[in-house]
Number of protein chains: 2
Amino acid sequence: MNGKRGPSMHDVAARAGVSHQTVSRVLNDFPGIRPETRDKVLAAIEELGYRRNLAARALVTGRSHTIGMIGPEIPDIGPLSTLHAVERAARDAGLHTMMTSADPSTAHVRDALEFIVGRGVDAVVLVAQEHTVLEALDGVEVGVPVIRLLTGGEPVGEAASIDQRAGARLAVEHLIGLGHTRIQHLAGPLTFIEAQLRRDEFRDLIAQARLPELEILEGDWTTDSGFAAGASIDPRATAVFSANDDMAFGLIHALVAAGRSVPDELSVVGFDDTKTSRHSLPPLTTVRQDFEAVGRRAVELVVAHMAGELPRETGFIVPTLVERSSTAAPRA
Amino acid sequence: MNGKRGPSMHDVAARAGVSHQTVSRVLNDFPGIRPETRDKVLAAIEELGYRRNLAARALVTGRSHTIGMIGPEIPDIGPLSTLHAVERAARDAGLHTMMTSADPSTAHVRDALEFIVGRGVDAVVLVAQEHTVLEALDGVEVGVPVIRLLTGGEPVGEAASIDQRAGARLAVEHLIGLGHTRIQHLAGPLTFIEAQLRRDEFRDLIAQARLPELEILEGDWTTDSGFAAGASIDPRATAVFSANDDMAFGLIHALVAAGRSVPDELSVVGFDDTKTSRHSLPPLTTVRQDFEAVGRRAVELVVAHMAGELPRETGFIVPTLVERSSTAAPRA
DNA sequence: AGACTGGCTGTGACCGGTCACAGTGACGCG
DNA sequence: CGCGTCACTGTGACCGGTCACAGCCAGTCT
């Protein structure tokens, strides 16, 4: 028991009058320890305030029981909620999380990966919303499983994503069902796979319904960009499908400021169901994404990997439509 | 170089034809190594794809270069932004972060502390918005510095906070300056120190200006609770100071739904400057909190601690007022 | 009685780094 | 020429756990 470093297993062993190995066995719940021995050890641990050194443990076992998370530098609500869900799910599974961030450039993601793997994690969970992030994984062997999050496009065992096309379908079919025929799309930045998928589905649906194709606008997810897009809305449009809630808010602001009313003159549907959308003016009709489920799924995959199971088809997480007051039937 | 575990320092040493110690020296930038030796080592590292085992390093040095973060179970924008800022600042300082969450009960926070300290972090950063969280620290000696975040009330070396009273003052004085005399306050949950401080400052200012004291409402930070509070707004009030933006949104929704107009009949000022407040209807006048600065400050404190410096008076981080369109002079 | 089993516990090597302490050879100087 | 100095490199112990492998001491079986 040398000064600063706190008691070690040997100190506990000495105090309890057993060997260090017995202490180890007690700590790891090995069967076949006499209850009275176990109690002695437990008492010694308590008295000394012993805390196991996980660095030593990790060194010899080669596993750290930690999952590394890599998220975007400036996180949106999606990644943020998801990563937090991962953290909670991991804790429930007896795992820890460690977090680092990287901007989406391939080089940076690769650095972050190097960094977090070097830190000795057992698995990596990577928010991969953009192709550049995915590319960072190409040809890189890090020795631990890497689970991709929120790519939107892979219902496979190595990724946990929400079905973006299904979400877009929900939004657009809602609009079409209301009777809208001239629908415009305000897309997210198309470097995002999710933005691409929502746009693709929008296009397909419009074509399929043989509706006129209005120009597709592109924002950057921010309320400001939605506001800016307000100036480019097609005068013929009666409805807009915004690729996220924030842009929808900005758009509505611009529209109302220009004297147009929502939903009377123009319907707007968002995507995300952020907590403000419930009480925005007007309350926003939007597509709800269950980020919590994504986080849990990711941890399930990690656990399966650690148990040596093969990745399997896990299926998408399915979004739902939340109807509120920003959409209505077009005026006759 | 045994199968699964990847190459070790000895493997690199063998490959480069030097001793493991020389490899260590190269890795740690020790002076006095012949450039040609260094190059050989670097080359060997590259060829072998060597990655230093940080568990081993942590074991012998007793430091992990990691800071542990404890945040709330369901994080608001403040904690979330702050923790993310900590993460970035830490990375810039060559430190890593590890995150766990805990609900605010004293017992849970204590568990989380135990957990993260046992994980071998060099310092802990704890989001302590409620008294119960702070109490978890009483009489607990964990052996590493614990920095408190967002308590709102301590401009000292062990904490990084935003001056809540100054923020509230900004909001209330703005309203008074506009000519309002009957101002109501929608407080946050009073278990939050920040909510208490905003309320206290509000009260003091109202008393100081000898204005009528209207009932103080209490919400739970959510838009829903703000909406609910709409029913309890005093009919005499011409302005409301909401303790955060989200509740302000809910409140405005309720007000407008009840036929009252903002800001013509009633001014509303929020707190936080969330990204939607810029384009809500009407755009929200609010108090901006620089969470990024809090995160940076926290890491500065950690670094100072690790360098053995004494905690010193660091001062508050000062919020600012963002004037938008939800406030106006009262109608004559 | 002797061998065997099984429950429980102890011994020592080892994980992969860092630290403290020695070397080693080249060079300068008296 | 001998010695000290300096620049550079090597040696072995050690951090605190876990693992593989004994040991030990009942009780049971033949």
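Just so you know, these numbers come straight off a predicted model, no measurement behind them. Per chain, numbering begins at 1; letters A, B, ... match sequence-line order.
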Student: Less than 4.0 angstrom between a side-chain N/O of A:N28 and OP1 or OP2 of D:dT18, yes or no?
Tutor: yes
Student: Is the distance from OP1 or OP2 of C:dT18 to the nearest side-chain N or O of B:S24 less than 4.0 Å?
Tutor: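 For C:dT18, OP1 or OP2 has a side-chain N or O of B:S24 closer than 4.0 Å.
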Student: Rounded to whole angstrom units, what separation is found between the CG atom of A:L54 and the P atom of D:dC15?
Tutor: 18 Å
Student: Rounding to an integer number of Å, can you tell me how far A:H10 NE2 sits from C:dG12 P?
Tutor: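 Atom-to-atom, A:H10 to C:dG12, this comes out as 11 Å.
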Student: Can you tabulate the close N/O pairs, meaning under 3.5 Å, that link protein atoms to atoms of nucleotides 8-11 of chain C?
Tutor:
from   : atom 1 : to    : atom 2 : distance (Å)
C:dT9  : OP1    : A:T37 : OG1    : 2.3
C:dT9  : OP2    : A:R34 : N      : 3.2
C:dG10 : OP2    : A:S19 : N      : 2.8
C:dG10 : OP2    : A:S19 : OG     : 3.1
C:dG10 : OP2    : A:T22 : OG1    : 2.7
C:dG10 : N7     : A:R25 : NH2    : 2.7
C:dG10 : O6     : A:R25 : NH1    : 3.3
C:dG10 : O6     : A:R25 : NH2    : 3.4

Student: About how many Å separate CD of A:E158 and CG of A:L137, when rounded to the nearest 0.5 Å?
Tutor: 10.0 Å
Student: Take the C1' atoms of the five end pairs on each side of the helix from C:dA1-D:dT30 to C:dG30-D:dC1, get both axes, and report the angle to 10 degrees.
Tutor: 60°
Student: Consider only side-chain N and O atoms of B:Q164 and B:Q289, and report whether a donor and an acceptor are under 3.5 Å apart.
Tutor: yes
Student: Is it true that B:R297 and B:D290 make a salt bridge, defined as a side-chain N closer than 4.0 Å to a carboxylate O?
Tutor: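 Here B:R297 does not pair with B:D290 in a salt bridge, since their nearest N and O are not under 4.0 Å apart.
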Student: Please tell me whether A:T132 and A:T106 have a donor and an acceptor in their side chains that are separated by less than 3.5 angstrom.
Tutor: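 No, because no side-chain N or O of A:T132 sits under 3.5 Å from a partner of the opposite role on A:T106.
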Student: Under 3.5 Å, is there a donor-acceptor pair between the side chain of B:N53 and the main chain of B:A55?
Tutor: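 A pair under 3.5 Å: yes.
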Student: Check this for me, if you would: do B:R91 and B:E87 make a salt bridge, where the nitrogen-to-carboxylate-oxygen distance has to be below 4.0 angstrom?
Tutor: yes
Student: Roughly, in whole Å, what's the span from CZ in B:R63 to P in D:dG16?
Tutor: 15 Å
Student: Do B:D138 and B:R110 meet the salt-bridge criterion of a basic N to acidic O distance under 4.0 Å?
Tutor: no
Student: It should be established whether B:R52 places a side-chain nitrogen or oxygen under 4.0 Å from OP1 or OP2 of nucleotide C:dG17.
Tutor: no
Student: From the options C:dT18, D:dG17, C:dG16, select the nucleotide whose nearest atom is closest to the side chain of A:V60.
Tutor: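 From the listed options, D:dG17 comes nearest.
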Student: From the options D:dG17, C:dC19, C:dG16, select the nucleotide whose nearest atom is closest to the side chain of A:M9.
Tutor: D:dG17
Student: Closest nucleotide of DNA chain C for B:A56 versus for B:F30: which of these residues is on the 5' side?
Tutor: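 Residue closer to the 5' terminus by nearest nucleotide: B:A56.
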Student: Among A:D122, A:I67, A:V121, find the one that has a side-chain contact (heavy atoms from CB on, under 4.5 Å) with A:V302.
Tutor: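 Answer after filtering A:D122, A:I67, A:V121: A:I67.
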Student: Salt bridge between A:E47 and A:R15, side-chain N to carboxylate O under 4.0 Å?
Tutor: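 So A:E47 pairs with A:R15 through a salt bridge.
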Student: Evaluate whether atom NE2 of B:H65 has more than 12 neighbouring non-hydrogen atoms of other residues, nucleotides or ligands under 6.0 angstrom away.
Tutor: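 Above 12, so yes.
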Student: Where does the angle between the aromatic ring planes of A:H10 and A:H20 fall among parallel (under 30°), tilted (30 to 60°) and perpendicular (over 60°)?
Tutor: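 Taking A:H20 first and then A:H10, their aromatic rings lie parallel (interplane angle under 30°).
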Student: Quick one: which protein N/O atoms are closer than 3.5 Å to N/O atoms of nucleotides 23-28 of chain D? Pair and distance per line, please.
Tutor:
none

